[in-house]
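Quick notes on the structure that follows.
Note that the structure is predicted; figures quoted are calculated from it, not measured. Order of appearance sets the numbers: ligands from 1, and atoms from 1 within every ligand.
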Amino acid sequence: MNQYLQFNFKHIWHPYDSMTTPFPCYMVHNAHGIYLNLINGVKIIDGMSSWWSAIHGYNHPRLNMALKNQIDKMSHVMFGGITHLPAIQLCQKLISILPKQLECIFLADSGSVSIEVAMKVALQYSNVLNKHKKVFLTIRNGYHGDTFSAMSVCDPDNSIHNLYFKFLPKNLFAYSPTSSFLGQWKHSDINSFLNLLITHKSIIAAVILEPIVQGVGGMKFYHAEYLKQVRFLCDKHQILLIIDEIATGFGRTGKMFAYEHAKIIPDIVCLGKALTGGTMTLSAMVTKREIANVISNHEPYKLMHGPTFMGNPLACSVACENINILQEGMWKKQIYNIEKQLKKELLPLMNHPYVFDVRILGGIAVVECKYIINVKLMQKFFVDHGVWIKPFKKLIYLTPPYIIDSVSLAKLIHAIQYAIHNKLLFLK
Ligand SMILES: *Cc1c(COP(=O)(O)O)cnc(C)c1O
C-alpha cells in the first residue's frame with residue numbers, strides 16, 4: 001500500500017465507514033468522460049455517475065468552461081444582502097424547466113440541507129396558519145439524507161435510524177407501495193397511507209416522498225398511480241406535498257423530473273445531485289408562491305435558514321450550463337438508448353438462481369440478489385473487470401453517465417453477469 005493510502009486509512013473518514021476497519025479505497029488520479037483513471041494507471045468505466053451526479057461525464061468541456069469563466073470573476077460572495085447573475089440566471093433556468101406554479105427558490109448547499117429547509121417551510125406554513133401540525137407522513141424504504149430531520153423521514157428500520165433513534169422526531173410511516181412501475185396497479189396499495197393520513201391529518205405538516213424511484217432505501221420503482229393518489233389525498237385534506245427529486249431529477253428516469261410520470265405538481269420540490277452535473281455541491285428547494293407568501297407575510301416569521309455558501313456563484317454557473325446542455329435535448333435519446341440496452345442485456349439475469357429481481361427504469365438498473373453481497377470482494381472484482389460499480393446489501397445497481405456508449409455499457413453489464421455467477425462474492 002502506498003504512503004498516501006496509509007495516511008488515508010489512518011486519518012480520513014469515508015462515507016458510511018469505520019475509522020478502524022474501513023472498506024478498501026481506490027485512488028483516482030483523474031476522471032474523463034465515462035472513465036475514472038486510477039493512480040496505478042488503470043482505467044475503469046464509471047457505472048455510478050458519482051452517486052447519480054456526473055450525468056454528462058467527467059471533465060465536460062462546457063462545464064469546465066463555465067467554472068473557469070466564473071472563477072476569474074468571483075468564486076464566492078455572501079448571499080445576505082448581495083445577489084449576482086449566476087444565481088439569477090440559474091433560478092431563471094430552473095423556473096423554465098419546472099411547472100409554472102413552482103417559482104420561489106431557496107439555494108442550499110447539499111441535498112440533505114434542502115430537505116431540512118423544505119421541512120422547516122412546511123412546519124412554518126402550518127404554524128402561521130395556526131394549525132400546529134408537527135409530524136411528517138412518508139413511506140417506508142425512503143431515503144432523504146443524513147442530517148437529523150432528513151433522517152427522521154428515512155426508513156425507520158435501517159441502521160442509521162437505529163443509531164440515532166433517541167434524538168429523532170417521531171414521524172409517520174406508511175407501508176411502501178407494492179405495485180411496481182410497470183406492473184398492475186393494486187388499489188389496496190394506498191390503504192396504509194390513507195389510514196395514517198385520515199387518523200393523523202390534524203397534526204401532519206406535510207407528506208414527503210421520493211417520486212417513483214426509492215433510492216438507497218431499496219431501489220424500488222413504484223406505480224405512478226400511487227403518486228397520483230397521494231397528490232389527490234394531500235389536496236383533499238390540505239396537506240403539503242414535498243417531492244424529493246434529489247436523485248431522480250434532471251432526466252435520470254426518462255422524464256426531466258420523476259413526478260412527471262404521474263402528471264402531478266408538488267407543492268415543494270427538492271433538487272440536488274445532478275444539478276451541477278456532478279461538479280460542485282448545490283441544491284435547491286422550490287415552493288409555490290402561496291406557500292412562500294404565507295410564511296413571509298407573517299412578521300416576525302421569516303425563513304430562518306442561510307448557509308454560508310448559499311447561492312455559491314461557481315456552483316450556480318456550472319448548474320446553469322448543465323441545464324443548458326440538458327435543454328438541448330440529447331439526454332432523452334441517451335436515456336432511451338441506455339434503457340433499451342439495459343432491458344435487452346440485463347433482464348435475462350432475472351432467471352439466475354442467485355437473482356431475486358431485475359428492475360430497469362430510464363438510466364437506472366437494479367439487480368436485487370437473493371443473498372447479501374460481500375461488498376469488499378465484489379467491488380474488487382468489478383475493478384479487476386475494468387468497471388466502477390458500488391453494490392450494497394443485496395443490490396447491484398447502475399446509474400451510468402448519460403453519455404455512455406453501447407460498448408462501454410455492455411462492459412458494465414457483462415461485469416455484473418460475471419459477478420452474479422460467482423458464489424464467492426456473496427455472504428449468503
Ligand atoms: C442523496 C440524496 C439526498 C441527500 O443529498 P446529499 O447531497 O447527499 O445531502 C436526499 N434525498 C435523496 C433522494 C437522495 O438520493
Derivation and outcome, salt bridge (charged side-chain N to carboxylate O under 4.0 Å, His left out), residues E339 and K343: CA-CA 6 Å; E339 179 171 36; K343 283 189 168 161; 3.4 Å; yes

Ring centers of Y175, F193 separated by less than 6.0 Å: no

Parallel, tilted or perpendicular: rings of F181 and H261 (30°, 60°): perpendicular

Atom NZ of K340 with >12 non-hydrogen neighbours under 6.0 angstrom: no

K390 charged N/C atom sitting above F23 aromatic ring, 6.0 Å / 45°: yes

Amino acids contacting ligand 1, non-hydrogen cut-off under 4.0 Å: S110, G111, S112, Y143, H144, G145, E210, D244, I246, A247, K273

Row check, Y226 ring normal vs K186 NZ/CZ: under 6.0 Å, within 45°: no

